[in-house]
Novice: 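Before I ask anything, let me first share the structure, which is written out below as structure tokens.
Reckoned from all heavy atoms, side chains included, excluding hydrogens, waters and symmetry mates.
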Amino acid sequence: MLKGQVNELENILEMREITKAFHGVVALDKVSFFVRAGEVHSLMGENGAGKSTLMKILTGVYSKDAGQVFFDGKELNIHSTIEAQRAGISTVYQELNMITHMSVAENIFLERYPCKRSGAIDWNEMYKQAQELLDGMQLKIDARRILNSYGTATQQMVSIARAISLNCKAIVLDEPTSSLDTAEVEMLFGLIEKLKRKGIAIIFISHRLDEIFRISDRITVLRDGHNVATYNAAEIDQQELITAMIGHNVSQNEKSMRGYDGSGKENIIELKNIFASPKLKDISLHIRKGEIVGLAGLLGSGRTETAQVIFGYARPDSGVELINGSKANLRTPKDGLRQRLAFCTENRRDEGIIPNMSVRDNILISSMKRISNRGFVNRKAGDKIVDEYINRFKIKTPGKQQKVKNLSGGNQQKVILARWLATNPDFIIFDEPTRGIDVGAKKEVENLIHQIADEGIGVLFISSEMTEMIRNCDRIYVMRDGRVRGEISGDDISQESITQIIAEGKEGCLTAGGNYAEAN
């Protein structure tokens with residue numbers, strides 16, 4: 001019996017001994033999960049632990065191989081997301097699933113527009129109902145505006161509004177805060193409290209541990225497709241939870257012990273007085289071979305834009321970029337590749353993986369020149385590279401022909417890293433390399449980045465988590481308003497030193513978990 005399991009009459013959702021396998025690989029092995037009405041129940045575990053599979057069975061994306069699902073007193077056999085919604089179960093996924101060229105109201109009422117007696121859509125009624133819903137959620141969003149005129153964070157809130165509009169009795173929130181700033185997180189948590197008071201069950205999935213402990217009533221941990229335990233959130237601390245998730249102790253907050261000595265090391269990248277409209281203003285920095293250099297700053301401070309200029313995604317209006325001491329004139333990312341640069345972007349789904357291609361092809365897609373001769377691809381050479389990185393990075397996959405979209409987020413991130421390392425780069429940019437992956441996978445990715453730097457490859461590291469910057473970087477440039485405002489290195493690297501530089505010019509605030517975001 002699970003620790004903390006409650007009497008059946010108190011549960012609105014019961015998933016009993018759910019089993020699921022893919023191509024002979026067991027993803028869930030007799031997993032049971034019980035949720036009460038009016039509680040926030042967090043589902044935790046490493047990437048690949050089975051969280052997403054369990055929720056996709058609940059919401060009709062996958063069918064179970066064995067087990068039973070009971071919801072609101074009835075046994076369910078859900079075969080589609082529409083059936084799940086009709087039963088009263090809504091989901092807001094980490095990766096937004098909206099039609100952004102349509103209005104906010106159309107997205108909220110998609111496939112169930114209010115109609116007149118004639119059968120025509122009652123646009124005024126739709127806009128009215130949508131606006132009342134948004135106003136009731138205290139969201140300053142115009143229901144008539146096109147969705148893509150708003151940023152990702154607002155689109156996330158509209159997705160939640162759509163779920164609420166379905167009159168659900170249970171809602172699954174999968175990484176709902178990943179695109180939200182501090183004020184928006186507070187708004188979401190306030191909304192969750194309102195939903196709880198209405199008796200709606202919230203299944204909350206997040207890798208931000210401070211959020212988990214702040215919002216959760218209970219926490220269930222999965223590991224390797226098995227139940228570990230269910231805890232009352234008030235009766236467990238972060239270290240105990242991490243240990244339950246990964247099976248052994250791991251520290252998240254240790255300071256980097258690389259002991260990098262930059263003396264005598266040549267600069268691999270140097271920017272001199274870079275201006276790039278509309279964001280960057282007089283950026284100067286350098287990164288040595290084998291060095292991990294961080295870019296810290298508020299959201300919108302120019303970190304990603306700086307990385308894009310370095311790689312050739314964006315062209316500066318003025319200034320000079322030097323690669324290995326020689327002036328570079330990068331017009332496109334292809335030019336960056338020729339200069340042996342690599343870029344792991346922050347948007348894993350849209351700019352990283354190619355979801356319907358195999359793990360093999362995702363790894364090799366940027367290295368075809370390396371394994372080709374006169375237009376002919378050497379498959380043996382390609383397979384050798386792929387096998388090497390699958391083994392080196394411990395990528396969990398049934399085989400190299402598995403579609404990469406079927407892998408967990410942490411393993412997808414490893415595939416992207418393998419792709420770029422297969423190009424034999426001299427310099428690599430990591431923009432939010434651990435976003436949306438769990439503690440164990442995060443540690444594995446960070447260790448791989450350290451190995452890369454130890455091999456002499458220069459690294460630019462961008463993260464919205466201060467603790468991550470502190471434990472991984474040899475030096476950190478702090479950006480604000482499109483400018484480099486300070487540089488910190490060695491023992492001077494600390495959360496206090498970073499926030500002090502950030503606070504000198506523009507008000508900012510720390511989010512839960514040590515993230516930093518611009519205050520609204």
Novice: Would you list the atom pairs, donor with acceptor, under 3.5 Å between side chains in residues 271-279 and any protein atom, with sequence neighbours excluded?
Specialist:
| unit_1 | atom_1 | unit_2 | atom_2 | d |
| --- | --- | --- | --- | --- |
| N273 | ND2 | D282 | OD1 | 2.8 |
| S277 | OG | D317 | OD2 | 2.7 |
| K279 | NZ | G300 | O | 3.2 |

Novice: Look only at the side chain of E240 and the backbone of D237, and say whether a donor-acceptor pair between them is shorter than 3.5 Å.
Specialist: yes
Novice: Does any non-hydrogen side-chain atom of D174 lie less than 4.5 Å from one of V92?
Specialist: no
Novice: What's the separation between atom CD1 in I488 and atom CD1 in I470, rounded to the nearest 0.5 Å?
Specialist: 8.5 Å
Novice: Are any side-chain N or O atoms of W420 and backbone N or O atoms of F343, one a donor and one an acceptor, separated by less than 3.5 Å?
Specialist: yes
Novice: Side-chain donor-acceptor contacts of residues 325-333 below 3.5 Å, not counting sequence neighbours, with atom names and distances?
Specialist:
| unit_1 | atom_1 | unit_2 | atom_2 | d |
| --- | --- | --- | --- | --- |
| T332 | OG1 | K334 | N | 3.3 |
| T332 | OG1 | D335 | N | 3.4 |

Novice: To check you understand the geometry: which heavy-atom pair defines the closest contact between R419 and I354, and what is its length?
Specialist: NH2-N, 4.2 Å
Novice: Nearest 0.5 Å, please: how far is CZ in R480 from CZ in R485?
Specialist: 4.5 Å
Novice: Find out whether I498 and I476 are in side-chain contact, i.e. whether some heavy atom of one side chain is under 4.5 Å from a heavy atom of the other.
Specialist: yes
Novice: Using every non-hydrogen atom in the two residues, find where N267 and H286 come nearest and quote the distance to one decimal.
Specialist: OD1-CD2, 3.3 Å
Novice: Distance from T304 atom OG1 to Y313 atom OH, nearest 0.5 Å?
Specialist: 11.5 Å
Novice: Taking atom CG of L285 and atom CD1 of I310, what is their separation to the nearest 0.5 Å?
Specialist: 5.5 Å
Novice: List the atom of T243, the atom of R223, and the distance in Å for their closest heavy-atom pair.
Specialist: O-NH1, 4.2 Å
Novice: Out of curiosity, R303 CZ to F461 CZ, how far, rounded to the nearest 0.5 Å?
Specialist: 11.0 Å
Novice: Can a salt bridge be assigned to the pair K196 and E39 using a cut-off of 4.0 Å between side-chain N and carboxylate O?
Specialist: no
Novice: Does the side chain of S216 come under 3.5 Å of the side chain of H41 through a donor N or O and an acceptor N or O?
Specialist: no
Novice: Just checking Q451: does its CD atom have more than 12 heavy atoms from other residues, nucleotides or ligands closer to it than 6.0 angstrom?
Specialist: yes
Novice: Could you tell me whether the side chain of V478 reaches within less than 4.5 Å of the side chain of V484, counting heavy atoms only?
Specialist: no
Novice: Over all heavy atoms of both residues, which pair between L28 and G50 is shortest? Give the atoms and the distance, please.
Specialist: CD2-O, 3.5 Å
Novice: Without hydrogens or angle criteria, can the side chains of Q402 and T397 be said to hold a donor-acceptor pair below 3.5 Å?
Specialist: no
Novice: Below 4.5 Å, heavy atoms only, C-beta onward: do Q413 and P433 meet side chain to side chain?
Specialist: yes
Novice: Evaluate the criterion side chain to side chain contact (heavy atoms under 4.5 Å, CB included) for residue pair D426 and L341; output intermediate values, then yes/no.
Specialist: CA-CA 6 Å; D426 291 330; L341 310 184; 5.8 Å; no
Novice: Does the side chain of M357 reach to within under 4.5 Å of the side chain of V404, using non-hydrogen atoms?
Specialist: no
Novice: Determine, step by step, whether E487 and R475 satisfy the salt bridge (charged side-chain N to carboxylate O under 4.0 Å, His left out) criterion, reporting the C-alpha distance in whole Å, the side-chain angles of both residues, the deciding distance to 0.1 Å, and the verdict.
Specialist: CA-CA 7 Å; E487 178 184 348; R475 283 190 301 123; 2.8 Å; yes
Novice: May I ask you to establish whether R145 and Y150 are in a cation-pi arrangement, using a distance under 6.0 Å from NZ or CZ to the six-membered ring centre and at most 45° from the ring axis?
Specialist: yes
Novice: Please step through side chain to side chain contact (heavy atoms under 4.5 Å, CB included) for the pair L188 and I160, ending with a clear verdict.
Specialist: CA-CA 9 Å; L188 173 64; I160 294 169; 3.5 Å; yes
Novice: Looking at every non-hydrogen atom in both residues, tell me the closest pair between I395 and K414 and how far apart they are.
Specialist: CG1-CB, 3.8 Å
Novice: Testing the basics here: between I385 and A422, what is the closest heavy-atom pair and its distance to 0.1 Å?
Specialist: CG2-CB, 3.9 Å
Novice: Under a plain distance cut-off of 3.5 Å, with no hydrogens placed, do H450 and N472 share a side-chain donor-acceptor pair?
Specialist: yes
Novice: Ignoring hydrogens and geometry beyond distance, is a side-chain donor-acceptor pair present between N362 and Q412 at under 3.5 Å?
Specialist: no
Novice: Should F204 and V172 count as side-chain neighbours, where that means a heavy-atom distance under 4.5 Å?
Specialist: no
Novice: Do D224 and K396 come close enough that some side-chain heavy atom pair is under 4.5 Å?
Specialist: yes
Novice: So, taking the atom named CD1 in I501 and the one named OH in Y477, what distance separates them when rounded to the nearest 0.5 Å?
Specialist: 12.0 Å
Novice: Could you give me the CA-CA distance, side-chain angles and deciding distance for L222 and M245, then say whether side chain to side chain contact (heavy atoms under 4.5 Å, CB included) is met?
Specialist: CA-CA 7 Å; L222 302 184; M245 287 167 57; over 6 Å; no
Novice: Are any of the side-chain heavy atoms of I462 and F430 separated by less than 4.5 Å?
Specialist: no
Novice: Under the 3.5 angstrom rule, does the side chain of K289 hit a backbone N or O of G456 as a donor-acceptor pair?
Specialist: no
Novice: Checking M44 against L209 for the side chain to side chain contact (heavy atoms under 4.5 Å, CB included) test, could you report, in this order, the C-alpha distance in whole Å, the side-chain angles of both residues, the deciding distance, and whether it holds?
Specialist: CA-CA 10 Å; M44 299 293 290; L209 296 182; 3.5 Å; yes
Novice: Would you say the side-chain atoms of S497 and D492 include a donor-acceptor pair closer than 3.5 Å?
Specialist: no
Novice: Let me have the donor-acceptor pairs involving side chains of residues 387-394, under 3.5 Å, with sequence neighbours excluded, atom names and distances please.
Specialist:
| unit_1 | atom_1 | unit_2 | atom_2 | d |
| --- | --- | --- | --- | --- |
| D387 | OD1 | K400 | NZ | 3.1 |
| Y389 | OH | L421 | O | 3.2 |
| N391 | ND2 | D387 | O | 3.0 |
| R392 | NH2 | E455 | OE2 | 2.8 |

Novice: Is the shortest side-chain N to carboxylate O distance from R214 to E193 below 4.0 Å?
Specialist: no
